[in-house]
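Encoded as structure tokens, the structure appears first; notes follow it.
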Amino acid sequence: MFQLFRKDVLKCLRVDERFVKESDHADLTCTIAFKIAKEEKRNPLDIARELAERLEPVGYIGKIEVVNGYINFFASEEFLEDTINTIIDTDENYGNLRFEGKILIEHTSANPDGPLHIGHMRNSIIGDSLARIFRKAGFDVTTHYYVNDMGRQIAIAVLGYRLFGLDNAKKPDHAVVDVYIKANEEIEKNPELEKEVEKLMLDYENFEGDAVRDFKFVVERALEGIKQTLRSLNVNHDEYVWESEFLRNGYVDRVLSILEGRGLIERDGAWFVKLEKPVILRRENGTTLYITRDLAYHLWKGERFERFINILGSDHKLYGRQLSEILDLINLRKPEIVFFEFVSLPEGSMSTRRGKFVSADDLISKVYEEARRIVEDRDLSEDEKDRIAKSVAVGAIRFDFVKVAPEKPMIFDWSKALDFERQTSSYIQYSHARCCSILRKAVKSGMPELEFRPEICTDIERRLVILLSKFPCVIERVIDELKPSYIAEYLLSVSNVFNEFYRGHRVLGEDSEVRMHRLAIVDAVRIVLRNGLDLLGIEALERM
RNA sequence: GGACCCGUAGCCUAGCUUGGACAGGGCGUGGGCCUCCUAAGCCCAAGGUCGCGGGUUCAAAUCCCGCCGGGUCCGCCA
């Protein structure tokens with residue numbers, strides 16, 4: 001909706017859209033007068049006045065004002081009315097955009113050598129939120145978990161499994177990491193074992209007997225646990241794609257022969273492509289490397305999708321550049337990569353290998369317990385308490401990760417993770433529940449009619465409606481910049497303004513005209529909060 | 001050594017792409033608000049050299065240069 005108003009302002013002004021901005025002082029403001037003032041060495045205020053005099057308020061423009069050289073635009077009453085009506089009419093479809101195209105989003109893709117830890121969660125949450133937002137925008141989205149079943153660390157986990165067996169009493173991914181950690185210790189004590197690891201890798205790459213069976217078993221056990229964790233976080237993958245598949249289906253050979261065909265492969269025993277640094281694609285012993293299979297994967301992606309987005313930790317920046325450069329050399333489509341900085345512990349960075357990490361499962365269950373404790377003395381059934389605590393916990397976790405811009409490093413702190421005073425996601429859920437509660441009571445009293453009346457809007461109501469009109473723009477910005485944190489920030493501001501409205505405005509106690517008007521606003525807020533929370537994979541609770 | 005990212009009140013964070021109207025929030029601190037739609041809420045107050053130093057500009061948290069602090073990467077690992 002807001003875009004329509006913006007278009008009208010641009011049509012009216014006919015200036016470059018860079019000079020039209022959002023502002024605290026107006027719905028939109030134009031700073032062109034400053035630019036002209038500079039060129040003509042005149043007072044910006046005079047210029048703004050002259051310009052404004054010639055402007056015709058068209059379409060949704062209600063009022064134009066000049067202050068301090070800014071030309072301020074205010075949306076019309078008609079705009080406010082159309083906004084509310086559109087939101088209520090389109091309901092769960094409000095915010096849908098008309099983008100098209102097949103997109104692949106690959107995220108999480110943690111090595112299946114143990115459970116997800118809080119660093120992986122950042123990946124999953126960014127990726128899953130982006131997938132939801134891209135779907136909302138109209139794209140045909142598929143999500144992949146790229147299963148790294150061929151790595152050295154998987155070989156070590158397999159070695160651990162052979163030496164110690166898996167503890168069946170434990171969640172399978174935790175059982176895998178136990179033997180993975182022990183195997184690493186074992187190797188450190190006895191470097192001879194190194195040879196066994198190498199042999200395992202070689203056997204697996206050549207699809208030889210026991211190795212295939214054991215790799216498959218260990219990887220599947222780990223994935224079983226990982227999937228369970230992801231499910232509890234409302235994170236979904238459409239497909240799990242195993243890296244070794246690209247060896248079997250010929251894509252590795254294909255990508256190598258394309259490179260060979262372009263004369264890009266050099267040899268000195270190993271095969272490599274010479275970028276700034278040589279990138280090895282094939283070892284002397286004939287086996288492939290991670291990047292080789294990933295190139296094959298991207299060849300495969302390019303044949304099926306118009307765009308692909310990968311979510312990667314920033315330690316993969318150089319890797320990502322190398323991958324992209326090689327794809328470029330053979331004219332294949334490159335991935336768009338979202339890098340996120342590390343989540344570390346107060347005592348330093350995490351390490352699965354050394355068992356130094358906070359598992360996602362641990363975090364989820366502790367946050368759940370805390371939420372459950374808070375909800376305990378409410379007048380609700382046990383089932384309801386459980387459900388509320390669960391979605392408040394998931395919301396708290398997801399929101400905490402998604403609200404921070406990906407390029408910011410995070411230091412995990414238990415006391416903060418468990419402090420519900422600072423949980424902004426439950427604040428948004430609460431605001432939504434408040435809306436629901438009002439609407440529920442309106443229905444109960446048999447007068448749930450909604451009719452927005454722009455002419456009786458108070459300042460806060462007006463601010464709220466303008467804010468609601470921006471929801472689709474926020475989604476579009478995320479599509480442009482791949483930053484789901486914008487949604488988090490937006491929902492927070494909607495909740496802020498709504499709560500301010502709630503404090504000063506009674507709804508149910510008012511006469512029918514005001515009551516219907518405010519019920520319409522409350523319903524619209526409810527819809528935007530619910531649709532927005534959905535984009536972040538957080539349940540919009542109707543009561544809490 | 002080279003490359004990339006981050007540095008905003010006691011703590012966390014938005015804004016930086018495209019320079020402009022008092023740098024927004026949150027936690028914590030001090031004070032106030034439930035005979036009224038959920039107090040997981042609201043209001044008020046204190047708290048800032050926007051890492052430091054230069055430069056560009058009428059105007060810099062935002063652009064440029066240099067430095068400092070923290071993180072990451074630079075494997076025939078993934």
Side-chain angles (χ1 to χ4, degrees), chain A residues 16-21 23-26 29 31 33-35 37-38 41 43-44 67-70 72 109 111 113 148 150-154 201 243 268-272 276-285 287-291 293-294 313-319 321 339-342 344 349 371 374-375 378 392 400 403-411 413 416 419-431 433-442 445 480-481 485-486 488-489 492-493 495-496 499-500 502-510 515 518-519 522 543-544:
Chain A
D16 192 309
E17 62 177 322
R18 284 184 300 135
F19 297 108
V20 174
K21 301 177 179 179
S23 160
D24 293 337
H25 307 268
T29 193
T31 56
F34 294 98
K35 177 79 175 166
K38 183 178 185 173
K41 295 195 191 312
N43 184 343
V67 184
N68 297 335
Y70 295 86
N72 289 336
S109 304
N111 290 333
D113 54 15
N148 186 339
M150 302 196 67
R152 196 185 129 74
Q153 54 281 91
I154 304 308
M201 288 175 73
E243 195 183 347
D268 66 354
W271 300 10
F272 61 93
E276 256 176 84
K277 281 188 168 203
V279 178
I280 312 287
L281 298 180
R282 195 172 182 275
R283 295 186 185 94
E284 253 180 284
N285 71 8
T287 55
T288 54
L289 287 95
Y290 181 77
I291 193 165
R293 297 162 231 136
D294 207 11
S314 63
D315 53 334
H316 286 68
K317 274 191 174 172
L318 175 64
Y319 172 80
R321 202 161 50 234
F339 291 105
F340 65 93
E341 286 293 327
F342 269 46
S344 49
S349 51
I374 290 168
V375 89
R378 301 289 156 92
V392 165
D400 245 6
K403 75 177 177 196
V404 180
E407 67 272 15
K408 294 257 194 189
M410 294 175 83
I411 296 171
D413 180 337
K416 283 178 181 159
D419 178 6
F420 272 86
E421 286 306 310
R422 58 173 287 286
Q423 288 311 346
T424 34
S425 101
S426 53
Y427 172 65
I428 296 165
Q429 287 175 308
Y430 180 71
S431 305
R434 267 186 160 170
C435 294
C436 290
S437 168
I438 293 172
L439 294 162
R440 211 164 36 232
K441 291 203 161 119
S445 65
D480 284 347
E481 300 178 43
S485 56
Y486 292 153
E489 190 196 326
L492 218 42
S493 58
S495 301
N496 270 323
N499 280 309
E500 206 180 319
Y502 182 90
R503 171 181 54 91
H505 296 64
R506 231 184 331 197
V507 179
L508 298 176
E510 297 289 339
R515 177 190 158 104
R518 292 189 179 158
L519 278 174
V522 171
R543 57 181 97 219
M544 57 191 286

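By convention in this document, chain letters (A, B, ...) are assigned in the order of the sequence lines, proteins followed by strands, and residues within each chain are numbered from 1. Since this is a predicted model, take the numbers as computed values, not measurements. Side-chain atoms are counted along with the backbone in the values below, which use heavy atoms only and exclude waters and symmetry mates.
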Using atom P in both nucleotides, what's the gap between B:G69 and B:A60 to the nearest angstrom? 28 Å

Whole angstrom value for the distance that separates C1' of B:U13 from OH of A:Tyr486: 14 Å

Mind checking what makes ring pair (Phe, Tyr, Trp, His ring centres under 6.0 Å) contact with A:Phe34, not counting sequence neighbours? A:Tyr70

In terms of base orientation, is B:C52 syn or anti, with the syn window spanning 90° either side of 0? anti

Nearest-neighbour nucleotide for the A:Leu289 side chain, B:C5, B:C76, B:C73 considered: B:C76

Side-chain donor/acceptor of A:Glu284 to base of B:C76, under 3.5 Å: yes

Under-3.5 Å donor-acceptor pair between A:Ser431 side chain and B:A40 base: no

Can you find a side chain N or O atom of A:Tyr427 that sits less than 4.0 Å from OP1 or OP2 on B:G25? no

Any idea which of B:C12, B:G20, B:C6 is nearest the A:Pro409 side chain? B:C6

Identify whether any heavy atom of A:Ser23 sits under 4.0 Å from a base atom; if not, whether one sits that close to sugar-phosphate; answer base, sugar-phosphate or nothing. base

Neighbour count >12 (heavy atoms, 6.0 Å) for atom CD, A:Glu17: no

How many angstroms lie between CG in A:Asp400 and CE in A:Met410, if you round to the nearest 0.5 Å? 6.0 Å

Side chain of A:Asp268 (C-beta onward), nearest among B:C12, B:A40, B:C76: B:C76

Can you tell me, in whole Å, how much space there is between the C1' of B:C50 and that of B:A23? 7 Å

Closest to the side chain of A:Leu508, out of B:U17, B:C37, B:C12, is B:C37

Within less than 4.0 Å of OP1 or OP2 of B:G20, is there a side-chain N or O belonging to A:Lys21? yes

Answer yes or no for this row: A:Tyr70 ring on B:A21 base, centroids under 5.5 Å, planes under 30°. yes

Rounded to whole angstroms, how far apart are CZ on A:Phe340 and P on B:C73? 13 Å

Do A:Arg434 side-chain and B:A40 base share a donor-acceptor contact under 3.5 Å? no

What is the distance, to the nearest angstrom, from the CE atom on A:Met544 to the C1' atom on B:A39? 13 Å

Spatial distance of atom NZ (A:Lys408) from atom NZ (A:Lys403) [nearest 0.5 Å]: 12.5 Å

Determine whether the side chains of A:Thr288 and A:Arg293 contain a donor N or O and an acceptor N or O closer than 3.5 Å. yes

Return the nearest nucleotide to the side chain of A:Val375; candidates are B:A3, B:C37, B:A40. B:A40

Nearest whole Å is fine: how far is B:C73 C1' from A:Phe342 CZ? 9 Å

Determine the Euclidean distance between corresponding C1' atoms of B:C4 and B:U57; express it in Å to zero decimal places. 30 Å

Starting at the 5' end of RNA chain B and moving along, which residue's nearest nucleotide shows up first, A:Asp315 or A:Arg152? A:Asp315

Between B:G31 and B:G47, how many Å separate the two C1' atoms, rounded to a whole number? 15 Å

Taking any heavy-atom pair under 4.0 Å as a contact, classify A:Arg378: base, sugar-phosphate, or nothing. base

Need the pair for B:G66. Rule: Watson-Crick or G-U wobble, both distances under 3.5 Å, any strand; none if unpaired. B:C52

At under 4.0 Å between heavy atoms, what does A:Tyr319 touch on the DNA or RNA strands: base, sugar-phosphate, or nothing? base

Closer to the 5' end of RNA chain B via nearest nucleotide, is it A:Ala26 or A:Glu243? A:Ala26

Does any part of the side chain of A:Val522, heavy atoms only, come nearer than 4.5 Å to the side chain of A:Leu439, both counted from C-beta? yes

What is the distance, rounded to the nearest whole Å, between atom CZ of A:Phe34 and atom P of B:U62? 19 Å

To the nearest 0.5 Å, how far apart are OG1 in A:Thr31 and CZ in A:Phe19? 6.0 Å

What is the separation between atom CG on A:Asp24 and atom C1' on B:G20, rounded to the nearest whole Å? 13 Å

Across the strands shown, which category fits A:Gly509 at heavy-atom distances under 4.0 angstrom: base, sugar-phosphate, nothing? nothing

Name the nucleic acid region contacted by A:Ala405, choosing base, sugar-phosphate or nothing; use a 4.0 angstrom heavy-atom cut-off, strictly under. sugar-phosphate

Would you please say whether a donor-acceptor pair under 3.5 Å links the side chains of A:Arg515 and A:Ser445? yes

With rounding to the closest Å, how many angstrom separate the C1' atoms on B:G51 and B:U62? 16 Å

Between the base of B:A39 and the side chain of A:Asn499, is one N or O donor paired with an acceptor at under 3.5 angstrom? no

Please report, rounded to the nearest Å, how far the P atom of B:G71 is from the CG atom of A:Leu318. 20 Å

Between B:G24 and B:U49, how many Å separate the two P atoms, rounded to a whole number? 15 Å

Taking atom P in both B:G75 and B:G28, what distance in whole Å separates the two? 47 Å

Is A:Arg434 close to A:Gln429 at the side-chain level, that is, under 4.5 Å between some pair of heavy atoms? no

The side chain of A:Thr424 lies closest to which of these nucleotides: B:C76, B:G26, B:C5? B:G26

Please tell me which of the listed nucleotides, B:C73, B:C76, B:C5, lies nearest to the side chain of A:Ile280? B:C76

Taking B:G53 as the reference, what is the distance to B:A14 when you measure between their P atoms (whole Å, please)? 24 Å

When we call it a touch if two heavy atoms are under 4.0 Å apart, what does A:Asn72 touch: a base, just sugar-phosphate, or nothing? base

Would you classify A:Arg282 as touching base, sugar-phosphate or nothing, given that sugar-phosphate means primed atoms plus P, OP1 and OP2, and contacts are heavy atoms under 4.0 Å? nothing

Taking only the side-chain heavy atoms of A:Ser437 (C-beta and beyond), determine which of B:C12, B:C37, B:U17 contains the nearest atom. B:C37

Is A:Tyr502 touching bases, backbone alone, or none of the nucleic acid, heavy atoms closer than 4.0 Å? base

Can you check whether any acceptor in the base of B:A21 is under 3.5 Å from a donor in the side chain of A:Thr29, or vice versa? yes

Can you measure A:Lys408 atom NZ to B:G7 atom P for me and round it to whole angstrom units? 4 Å

Does A:Ser349 put a side-chain nitrogen or oxygen below 4.0 Å from OP1 or OP2 of B:U72? yes

Winner on side-chain proximity to A:His25, out of B:C22, B:C11, B:C76, is B:C22

Does B:G1 pair with anything, Watson-Crick or G-U wobble, both distances under 3.5 Å, and if so, with which nucleotide? B:C74

